[in-house]
Each structure stands twice: as structure tokens, then as C-alpha cells.
Amino acid sequence: MHVCVSTFACLYYSLSNVSLGVYQPCLPRLHCVCVFVTRLKKKGEMGKLDLIQTLSGHEGRVWNVCWHPQGNTLASCGEDKTIRLWFKEGSKWVNKDILTEGHQRTIREVAWSSCGNYLASASFDATTGIWDKKGGQFDCISSLEGHENEVKSVAWSKSGQLLSTCSRDKSVWIWEVIEDEYECAAVLNAHTQDVKKVVWHPHLDILASASYDNTAKLFKEDVADNDWICIATLSSHTSTVWSLAFDHSGTRLATCSDDCTVKIWQEYLSNNSEGIVTPDNNPVWKCVCTLSGYHTRAIYDISWCHKTHLLATACGDDAIRIFKEAEDSEKHTPTFILLATCANAHTQDVNAVAWNPSVPGLLASASDDGEVKLWQYEDN
Amino acid sequence: MSSHFSSVLQLTDLDDFITPSQECIKPVKIEKTQVGTGAKIKIQEDGGYVQVEEGGRERQLKKVEISLADCLACSGCITSAESVLISQQSQTELTRIFQETKSLHEAGQGDQAKLIIVSLSVQPILSLASYYQLPVDEAAQRLTGYFKQLGANMVVNMNIADDFALLENQVEFIERFRAAENKENGKLPMLTSSCPGWVCYAEKTHGQFILPYIAKTKSPQQIMGSLIKTYLSSQLKRSPNDIYHVTVMPCYDKKLEASRQDFFNEKLQSHDVDCVITGIELQSMLESSGLKLSEVDSASVDWPWSEKKPLDKEIWGHRGSPSGGYADHVFLHAAKELIGQDLSDVHYRTLRNPDFKEVILEKDGNVVLRFAIANGFRNIQNLVQKIKRKKCDYHFVEVMACPSGCINGGAQLRPENASAPKELIAKLETMYADLPALSPAENTMVKELYNHWLGGSTSDKKTAMLHTDYHAVEKMNTALNIKW
């Protein structure tokens, strides 16, 4: 079993007060609250990421991985225009299904519906595929057209009634699911550039999107006229926001960016006791923490485990890093600490990371090196 | 600069993944006077290009200009070079024309000056009336006074063109419906054609598939263009290119429509509509001359037609939606012509959102007519996808790119209180509903024109004057456009 060099890296970060300066290619903006780990780590604040298995099979880069909501199946997709489904047999994960003929070009992202019966795929062929297992095996039952060009991301709402997609055409679409028909409920042109990622709030019908325009945005339905509106714009990153993830409660959001930082945003509802102004009674999202100095290249993906509260990042420097909020952290000025760095997790860019929803600490990653890897995080 | 075009046209096709931003890639033919090799090109400090020939002679190179017509023919971006696009059809250009005409008159060369005719559509008048808190007729009169003061020779309302468009839509629908019944080539649903944002989107993204469903009837703006440049010009004994025709419209997309090759007379080098000006631009023109519309001297809107004006008003409306009432008029007409039912009213049912409404007519328990109004991009999307999947059972759909239709056109004045756009739309809708409504069949001038100008309702001239064609825009495959 392969053990990463994370322990050493951790020690290095935790023991040195000044080391962060060395790894700081992008300085955070001044208006943003920045917290650095500058003290000795306590027990439980270090860990390691063990490689469990390498899943080979895709030809060319693997763009994304997504766990089935029950955690027993992993879907992966990539440049080879296929979706591969991996199941656990005994102690090993095996590739049982290869879904082909749904798309004509690269599949950028796959997403399981929360009921686990459907799979959606976002492709560079400008369509979004919907896969259903009704006939015993997965078939592409619909192809959603509408985006002008590459679809970059797709996500199902918790209820399964809504689907969202985003594209290089700068738009975010909301689709309503009505008896296996998908109707466009909104086309949101709030972003000024390529939209990279969409994710739904874990409980509510609130959508978050990340864009090349350096911002993340939040949307919700305006019940008065069934239209969707942008309720918040999260600006602080100095380059493309590649991905974002809600915590288990949906009151915090983590964004990761080309500027090599991760930012943690906290939701403040109207009439909050902190006295933060909320225009139009919409919640305000404030950057309460910037994790700077840890990543040396663009951070392409971030996953926030709703069970263990661990944050995992996928980075262009081939590494996977694991963070967690410190135990003595303040709610409004939280401290996050780096628990582990797996320096050469892949031989090329890590494109995606995903925590398993049922097995604590089980992480999947996808890379340009054509491989999917499964990892187990353990506290030291 | 925020985009002025309707949201449909704002879905552009710009790349930022491979290169930072894909700019206009339309290849442009340059008329090169001399062919030579060995010359160098220098870029000057002001950004101008100078060709240095052998021997050191310098020659200023001509700037490449992309016209609106180029953009319409290109499948690349739609609005990336927006400032260029609008300049041809702008208030600056309009002001220039007015000044040029004025100076010709002052120099005693009035005979060389163009005759300037302004056509007013209803929606921007309502928008300006609301903004300047004027009664609708007074707003039309003061606006007429303003144009006259600038140097316009004639200001007319576009109601007559609206009437033609409605009547032609009715006739075209009956033809298509009957053809479909006989399993002939009558594509249903018939989709309205008066919204240029929608037409442009259909041509660029759904091409050959969707175009056969779109009504061949020209939009009121372009029918007005035919009337002014063909009928009125001959009445006034002026050549079409001797007339400068300005339309006042509720949206910027109308500028694109006016620039279409279909509406350009190559022989006479004359556009049916030379310049489109909008409510927002008029307000800015007034403001920059320190004027308020309520303080401008009034003048009556001209009525250059031989038959008597049907209403003693400056401007009026039609029943139905404030986009022109297409669904209403065609529905009532079809009920009578096809089903033999004389209905007095049309009751819509709101479907998934307020911008998607349908109305049905039942006979013996069967639905015999199913009409809809679909406004805004999301509803256009669902409509197109339904037609694609052969799941669309509508016979007729009034399609407008803007949510709430033309009353909420992209160039209507914005509310002063930025947070109340819905209240403003509701107010304008009420204002439209309160206008006196005229049935197109009651307009005797329209009848007269059918009989004497067009030579009946089936003539080739009618087709030329009142109908148009659409052209699918092929996706360009240039190296810069490759997506991966």
C-alpha cells in the first residue's frame, strides 16, 4: 500500500511560522479575512491519505467522478466519451458498466440524482444526457439541448425535481423535471464568462455557480413570477473560480480557484446578530477564511464531506490536500488546518475529488493521467 | 457597456477556454488598390495602420469595418462588437442626418436634401408617456413636435403596418392550417415573425429545422418600410433613396432587422428602414439638449393616407397582447373561418409561468384550435424542443424574445426606481389595454391599399411588399472556432 508523504508536509507546515510565505504565489485581497495556521498542531490535526486502489480503464484524461448517493457505485467520465460505473466486489472495485453512445465529444461531468435512479452527463457536444436504469441497464433516455456550446457541469437538486447545467456560453440553465420530461425553467445570464461548475444547496432549492469571471453566484426562484434570480455574488478570488462545495448545513460554501486559494464563505441571514447588512432581506455570503499558500497551481475541484466535514482539494500540481476546521475555530473567523498533502497523487493535473457519502474518509479522484484513484483518509 | 440586445441574442458564442476571448473572426474582403510585395506595415501611436512602400512612401491603410449586415450573415458572435453594430443605427447617425439636411436647406440647396419620415410604433410612445408623465396622445404629439423641430418632414404612426401584419398573419394561418389538414406541406405550429431577436436566434441556432414554421409575413416595421419606400415615395414622387426613413421602436434587435439584406434595395442602394431609434436613445437625445418631452412644442402626427383616419387619435392599439395581439387576432379569425364560431373574447390560461399562456377552442368535446403566447428565452427553448421532439400540439404560437413581450422591449425606458421593473411593466400593460383598439378590418386605408396598391390579396406585389424569407446561417468552421 502506498503511503503518501503527507505526514512530512504536515509537520513542515505546522512547525514553521513563516513557511507559508514561500508557498504564496497569489496574495489574497486585503478586504478578505485571512487566517493562517501559525501554531503547533494538536493531536488529531494530522492525517494521512492511503491509496486503496487505482481504477484504470479510461482512455485519455478523466474529468470527473461522482459517488452514487448510497456510496456503493462510483461513476467516472472523460475524454473517451464514456461513463464508467465501478462497483465493489469483495475488497476490490471493478468496472462493471461502460456507458457509451450518449455523447459525441468529451464528457466533462457526471452526476447521480439524489434518488440514485438517474445519472446526468454534461458534455462538450453541448448536450446533457439523462441516463435511466429502467430496463435493467443504463440507457440514455434524453438529451437536453439548448446550450450553445460545451456544457461544463450538471447537478441535481436534493428533491430531484430540478436539474442545473452550465456552459462555456456563459449561461446557467435550470431544468424542471416533470414525468421524465425536462423543461427549461430559467436561463440565467448573470455570469460574464464561461461558467465552470454548478452545485445545489444540500437541502434547499438554491443553486451556486462558479465562473471564469472570478465570481461565484447564488440563485433561487422568485416565487412571484416563477423566474430565477441571482441572490448573491461572491467576489474575492482574483482568477477563475473552478469549483465550489456546500458544507452539510448549507450555511457555508467553499470555493477553489485558479488563484491557488480556497475561500470559505459564511451565510448571514437577514437580522443576523452580527449586524451584517442584508439588502432586500436576501442572505449575504461573506468570505470568512482564505486558505492561501498551500496550493502551488490552480485548484480544480473541492469536495466537502457532509459526514466527516473534511475538505479535499484537487490541484493542478498533481496533489490532493485534506483540510478541516480547527476544533478551537471561531464561527465568524474560522481557522482551517491542512491535515494531509498527497504530493504526487497523480502524475498529472487532478481534475476532481469526491468524498464517498457513506464510508467516512473514502475519497475518489480523477486525473489527466487517465486514472481514477480511491483513497482512505485516516487521522494520525 | 451592458448589452442592449434581447437576452436571446446575448447568448453569444465567445470562447475563453483556449484563448482569452474570441473576438470577431468574420473574414472581411478589403478592396486593395495596389498589389505589391516588400511593403511594411507600421502601427502608429493612435492605432492607425500605415503601409510603408519600397522607397519609403507611406500610405494610410483603410480600417476594416464590420457592418450589421456582416454580423447577420455570420454564425460567430452576435454582439461582441456591439459598439460597432449600433453605430450604424444610432442617435449620432440620426443627428448627423438631421444636421446635414438642415445645412442643405440653409445653403439654399433644399432640393438636394433627403425627405425625412419618422414612423412611430406604439410601445415606445407608452414608455415615454410613462417616463415623462404625459397622456399617451400628448406624448405622441410632443414627440412629433420634437422630430419636426429636428428637421423631420413627416411623422406617422405605424398602426397601418400593424393592421397589415395582423391581416397577413390571419390569411397565412388559414392557408397553413388547411394545407396541414390535407397533409400538404403546411408546417404547424405557425410561429410569429415580428420579433427580430427570435428570428435571428432561430436562423443562427436552429436553422433549416425551425425556419419553415415561422410566418412569412414581414414584421410591422418592415411593412412600414415597404409602405414608405414604395407606396408613399411614389405618391410623393420621390425616389426611395431620396427618403430617409426612421422608425421608433421598443427594442435594439429591430436595428438588426432593418439591416437585413432582404430589406435592402441594391439597385437604388436604399434600405426600407434607414435608421431605428428607441425610447432610451430618444430620452438621452432630449436630455443631452437639455429638453424634457413635456416641454417640447406639440405637433399632430401626420396622416398621409388618402382615406380618412379611422380614429380621432394620434395613436391606437389592438386587442390582445401588447406585443401586437397576434394570437388574439389569428385565433378569432380562425375560429370564424375554420370552425364557424363567432367568438367575442379570448381567454388564456397561464401555464408554467406568466410568460407562457394558451387558449383552446373546443368543438363537440374535441380541441380544434390550440394557440399559445410564448415570451422570453426559456419559453422559446421549451417550444423549440417540443417541436423537435414532435410533442408540440399547438397550431399557432405568438413568440417574442423578451419576457412580457414588446411592451418590455430591451430599449424601453428603465424604471427610475431600479427595483420596480415589474410594476412598470404592469403599468405599461394597463396603458396599452386602455388605448382605443381598432380591428384591422376596420381600417379602410388598408383595404384601399390592398385593392389599388397591391393589386388584390393574392398578387405577386403583395408577396413582395408584405412577405419575406429567412436564411439559415451555417456554422462556420474556422480554426479559431474549433471547440474541444
Side-chain angles (χ1 to χ4, degrees), chain A residues 60-61 79 104-106 108 123-128 141-152 165 167-176 178 180-196 211-214 221-229 240 279-280, chain B residues 2-3 5-22 75-80 201 204-206 209 350-356 374-389 391 401 403-404 418-419 421-423 425-426 475 481-484:
Chain A
R61 69 180 79 193
E79 216 172 15
Q104 284 162 18
R105 291 174 52 195
T106 292
R108 181 64 177 85
S123 167
F124 284 0
D125 68 10
T127 70
T128 305
I141 53 160
S142 330
S143 175
L144 310 184
E145 294 177 20
H147 279 295
E148 287 275 291
N149 45 43
E150 291 90 328
V151 186
K152 296 292 179 72
T165 55
S167 159
R168 205 192 76 184
D169 70 14
K170 306 172 190 171
S171 66
V172 171
W173 291 46
I174 313 264
W175 307 80
E176 237 171 301
I178 307 141
D180 279 347
E181 288 282 319
Y182 293 79
E183 284 217 13
C184 169
V187 177
L188 304 164
N189 288 309
H191 282 293
T192 57
Q193 293 292 341
D194 195 352
V195 189
K196 302 292 188 188
S211 164
Y212 187 87
D213 69 10
N214 304 358
E221 190 178 11
D222 179 359
V223 189
D225 65 352
N226 301 92
D227 212 350
W228 285 72
I229 46 168
T240 305
D280 296 335
Chain B
S2 68
S3 181
F5 290 101
S6 65
S7 61
V8 168
L9 295 188
Q10 284 174 36
L11 266 187
T12 59
D13 201 13
L14 297 185
D15 184 0
D16 56 68
F17 200 3
I18 308 163
T19 51
S21 160
Q22 182 183 305
S75 70
C77 70
I78 300 173
T79 57
S80 69
Y201 172 76
K204 290 199 176 194
T205 59
H206 298 289
F209 158 73
T350 298
L351 297 177
R352 311 199 35 69
N353 53 65
D355 272 327
F356 199 86
N375 291 328
F377 187 54
R378 59 177 167 166
N379 292 318
I380 288 184
Q381 259 317 302
N382 289 327
L383 177 71
V384 171
Q385 294 307 325
K386 272 212 176 92
I387 297 174
K388 266 198 173 162
R389 282 182 269 131
K391 282 189 175 171
S404 303
S419 63
K422 278 166 204 157
E423 284 80 351
I425 294 169
K475 286 264 176 207
N481 219 6
I482 286 171
K483 300 165 204 154
W484 51 283

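What you are looking at is a predicted structure, and each value in this text was computed from that prediction instead of being measured. Sequence lines set the chain letters: A, B, ... in the order given, protein chains first and strands last, and positions in each chain run from 1.
- Between Asp227(A) and Lys422(B) there is no salt bridge, since no side-chain nitrogen of the basic residue lies less than 4.0 Å from a carboxylate oxygen of the acidic one.
- Thr165(A) pairs with exactly one of Trp173(A), Trp175(A), Tyr182(A) by the side chain to side chain donor-acceptor pair (under 3.5 Å) rule, that one being Trp175(A).
- Only the side chain of Asp222(A) has a heavy atom closer than 4.5 Å to any heavy atom of chain B.
- Contacts of Ala185(A) with chain B are made by backbone atoms alone, with heavy-atom separations under 4.5 Å and no side-chain atom involved.
- With chain A as partner, the option from Gln385(B), Lys388(B), Arg389(B), Lys386(B) having the largest number of non-hydrogen pairs under 4.5 angstrom is Gln385(B).
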Could you walk me through whether Ser404(B) and Asn375(B) satisfy the side chain to side chain donor-acceptor pair (under 3.5 Å) test, starting with their C-alpha distance in whole Å, then the side-chain angles of each, then the deciding distance to 0.1 Å, before giving a yes or no?
CA-CA 6 Å; Ser404(B) 303; Asn375(B) 291 328; over 6 Å; no

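- Contacts between Ile178(A) and chain B at a heavy-atom distance below 4.5 Å involve the side chain alone, from C-beta outward.
- A salt bridge does not link Arg378(B) with Glu183(A): every distance from a Lys NZ or Arg NE/NH1/NH2 to an Asp or Glu carboxylate oxygen is 4.0 Å or more.
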